[in-house]
Asks: 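Here it is: the structure, laid out below.
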There are 2 protein chains.
Amino acid sequence: MAKKTEPEANRDASTVRDVAARAGVSASTVSRVLGGTYPVAAATRARVLKAMRELDYVVNAHARALGGSTNKTVAFVVDDVTGPFYAHIARGVEEQASEEGRLCMLCTTHGDPKRVLAVVETMREQRADAVIVVGGAWEDKAYQDRMTHFAHALDRVGSRLVLVGRPPLGPGIPATVVEYDNEGGAFAMTTHLLSSGHRRIAYVGRMPGLSTSGQRLSGFTRAHELLGLTPDPELIVDGAFSRSVGYQLARQLLADGREFTAVFAATDMVAAGVIQALREGGRRIPDDVAVAGYDDIPVARDVYPALTTVNVPQEELGRAAVRLALHRDELPDSQHLVLGTHVVLRDSTRRLNR
Amino acid sequence: MAKKTEPEANRDASTVRDVAARAGVSASTVSRVLGGTYPVAAATRARVLKAMRELDYVVNAHARALGGSTNKTVAFVVDDVTGPFYAHIARGVEEQASEEGRLCMLCTTHGDPKRVLAVVETMREQRADAVIVVGGAWEDKAYQDRMTHFAHALDRVGSRLVLVGRPPLGPGIPATVVEYDNEGGAFAMTTHLLSSGHRRIAYVGRMPGLSTSGQRLSGFTRAHELLGLTPDPELIVDGAFSRSVGYQLARQLLADGREFTAVFAATDMVAAGVIQALREGGRRIPDDVAVAGYDDIPVARDVYPALTTVNVPQEELGRAAVRLALHRDELPDSQHLVLGTHVVLRDSTRRLNR
DNA sequence: TTGAAAGCGCTAACAC
DNA sequence: GTGTTAGCGCTTTCAA
């Protein structure tokens, strides 16, 4: 008796025509009350509204997107939602998108450059109003070229590529860029450490080829150079931006007998791992070793001692990304924005006492 | 000279027809190579592919969704992406969705029941394959009724409502439910505390009317009752699931001079705040006060001392939600799943020594 | 103020 | 194998 239906099949969603029939008007009239931007007699409108309610009607967003060409969607492409840094940017994106009457699509790439490209392609199919890509860029020619290609491709379908926290692709390329002063933040933090008397500062978590890493390290180096110092290459160790990598790297530093009085971790997550390793290694923080992080995510206040770090205005990055992309015609000159960063002093750093 | 164009306007995205023209075939042939499930002569296919590449063609997902009725999208509705608990479920959802060839839409509600309903409505417009709602439910008749309405409404358009971490709406209502053993986890944790000798255990962060809270508290109470004990109502304090609330509540408990040897925080976030307040109040953890949390999010390992907590399989909740909803025809009997929880012992609890 | 008709880009019968 | 035709549900001229 019961008819088997495909699980995905639109069983019997009502359409404008159903509503029209029930209200005794034409489909166009229904469409007009739907849009609201067109005069419809009050009585007619009421009848249509009533019919809609009775049929529990909802418009089909796809049909609507097909006719008009905007689909009212913003795409957010990120390595991993689970990272608090990205999650906070996501919040900004989502909130601004929602304020602008847009839906937000979430796509994750797990740090795989190939997936970034695949995802951007998918968003092109979806005709998203904007495609927001977050996180450091790979300083790799082929990768950059493909992003450039996508910038143009998206532009061609009326969409917009937005790069958050990564450098511009180049002049004349149709993309919105929202950066933060990455190098400046690292410079300020390193200066803080240096001026507190630290001279042997380990930099934990360099990722060669990643723009974010390059900029942070460059601030680190510049601060040294300003005092006529050179960072000891042995104290710069490579690894991904994760807690466990921070832990392992710090253990290794200790095991290798490297001498340092401070650690500048590439991110707060890395710092959390470093702190654990240091504690296990019997070092007191900040008495024996000062520790600084980068990002200022909530965990910075939960680790013990609370972490000195560089604040990055995550939510505002997300909001700005959406705002600039959607209003690019009104704001043609601010399509490259650089937000400020600043050092947040907490308990994990202090003046070196010899 | 430069022609002003609407920012959203589809400038000149190429269509199947453009491709067809260039390849010297018909639109259907192009569609066939697009789909891949239909025989096309190798030479023709090659020509079509070439034309696509040359025109930088991408299908219009909306046109496709309009014809067939599935739009290959899964919606994820959550209070706040920024909460690690939700973020980890989101990761599970996103990964499984991606494995099943679905895109993932993210919607946040900021704990506002009205927004939940609005968002579900929007997803109905989008014809999402599944709408996954995460987080505790409000035990409020009107709210439940509306969710029930949506369950039916989504079902009618071939979509599926999925409730994660909240109780079923009732029998016969077309919704998938993926829960975790919330009450059991609280029971186990309380039993752990009780059997460690603690008798005065504060429960911090009750939220009346929220199902999650009710279940946890019920496990807490049941464990007491099993030993013929009754929790002291003065030690059960109300507040939202956040770090700052945990902090304030714990300070208040201290200020009021309440006596307790253990704190069971409603969530790990709350626990993080409690730990800070306790430390500032001069209490040593776990020597003076044992602290336990719930959820087992990463912060549990970053607080000091590392937090004893109840593990909730967040990612698996997300994956299961997608899997069950999408394969509901093959798995009609497992549309109500309850995943297990377990106590994770770390350093913030220990046997009471008197 | 309303209706009829065309078409958005694609897929799926149905022919040939 | 491939082309023709007819919609999917909606918006939008163009008439009335």
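Everything numeric in this text was worked out from a predicted model, so none of it was measured. First the proteins, then the strands, lettered A, B, ... as listed; each starts at 1. Just so it is clear, the values below take in all heavy atoms, side chains as well, and ignore hydrogens, waters and symmetry mates.
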Asks: Rounded to whole angstrom units, what separation is found between the OH atom of B:Tyr57 and the P atom of C:dG9?
Replies: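 So the two atoms are 10 Å apart, to the nearest Å.
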Asks: Would you list the pairs meeting salt bridge (Lys or Arg N to Asp or Glu O under 4.0 Å) in which at least one residue belongs to residues 19-28 of chain A, sequence neighbours left out?
Replies: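 Found A:Arg22-A:Glu54.
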Asks: Assign A:Val30 to base, sugar-phosphate, or nothing according to its heavy-atom contacts below 4.0 angstrom with the strands shown.
Replies: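 Result for A:Val30 = nothing.
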Asks: Taking side chain as C-beta onward, heavy atoms only, is B:Asp79 less than 4.5 Å from B:His110?
Replies: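 No - every pair of side-chain heavy atoms lies 4.5 Å or more apart.
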Asks: Going by atom types only, do A:His336 and A:Glu179 share a side-chain donor-acceptor pair under 3.5 Å?
Replies: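 On atom types as modelled, these side chains qualify, holding a pair under 3.5 Å.
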Asks: Keeping the roles fixed (side chain from A:Arg102, backbone from A:Glu100), state whether a donor-acceptor pair exists under 3.5 Å.
Replies: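 Flag set: sc A:Arg102 to bb A:Glu100 pair under 3.5 Å.
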Asks: Taking NE2 from A:His62 and P from C:dT11, how many angstroms apart are they, rounded to a whole number?
Replies: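 Computing the A:His62:NE2 to C:dT11:P distance gives 14 Å.
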Asks: Quantify the bending of the helix from C:dT1-D:dA16 to C:dC16-D:dG1 as the angle between its end axes, each fitted on five pairs, to 10°.
Replies: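 Inter-axis angle at the termini of the helix from C:dT1-D:dA16 to C:dC16-D:dG1: 40°.
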Asks: Quick test of your reading: applying side-chain hydrogen bond (donor to acceptor under 3.5 Å, both in side chains), list the pairs with at least one residue in residues 28-43 of chain A, sequence neighbours left out, ordered by first then second residue.
Replies: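 Passing the test, one end in residues 28-43 of chain A: A:Ser26-A:Ser28, A:Ser26-A:Thr29.
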Asks: Enumerate the side-chain hydrogen bond (donor to acceptor under 3.5 Å, both in side chains) contacts for residues 168-178 of chain A, please, sequence neighbours excluded, ordered by first and then second residue.
Replies: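 Found A:Arg160-A:Thr176, A:Thr176-A:Gln335.
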Asks: Would you kindly give the CG-to-P distance between B:Asn60 and C:dC8, to the nearest whole Å?
Replies: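 My rounded result for the distance is 12 Å.
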Asks: Between the side chain of B:Arg64 and the main-chain N/O of B:Val59, is any donor-acceptor distance below 3.5 Å?
Replies: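 Checking the backbone N and O of B:Val59 against the side chain of B:Arg64, no donor-acceptor pair under 3.5 Å is found.
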Asks: Indicate yes or no for a side-chain donor-acceptor contact from B:Asp18 to the backbone of B:Thr15 under 3.5 Å, with no hydrogens or angles considered.
Replies: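 At least one qualifying donor-acceptor pair exists.
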Asks: Side chain of B:Arg166, backbone of B:Gly135: donor and acceptor closer than 3.5 Å?
Replies: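 Yes.
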Asks: Are B:Arg64 and C:dT11 close enough that a side-chain N or O sits under 4.0 Å from OP1 or OP2?
Replies: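 Result: yes.
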Asks: Grab the N/O contacts between the protein and nucleotides 6-8 of chain D below 3.5 Å, and write none if there aren't any.
Replies:
residue : atom : partner : partner atom : Å
D:dC8   : O2   : B:Gly67 : N            : 3.4

Asks: Do A:Gln126 and B:His62 meet the criterion of a side-chain donor-acceptor pair at a distance under 3.5 Å?
Replies: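 Distance-only check fails for A:Gln126 and B:His62.
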Asks: Below 3.5 Å is the cut-off: list the nitrogen or oxygen pairs between protein and nucleotides 1-3 of chain C, distance only.
Replies:
residue : atom : partner : partner atom : Å
C:dT2   : OP1  : A:Thr44 : OG1          : 2.2
C:dT2   : OP2  : A:Ala41 : N            : 2.7
C:dG3   : OP2  : A:Ser26 : N            : 2.9
C:dG3   : OP2  : A:Ser26 : OG           : 3.1
C:dG3   : OP2  : A:Thr29 : OG1          : 2.5
C:dG3   : N7   : A:Arg32 : NH2          : 2.6
C:dG3   : O6   : A:Arg32 : NH1          : 3.3
C:dG3   : O6   : A:Arg32 : NH2          : 3.4

Asks: Any donor and acceptor pair, going by atom type alone, linking the side chain of A:Glu94 with main-chain N or O of B:Thr108 inside 3.5 Å?
Replies: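 Between the backbone of B:Thr108 and the side chain of A:Glu94 there is a qualifying donor-acceptor contact (under 3.5 Å).
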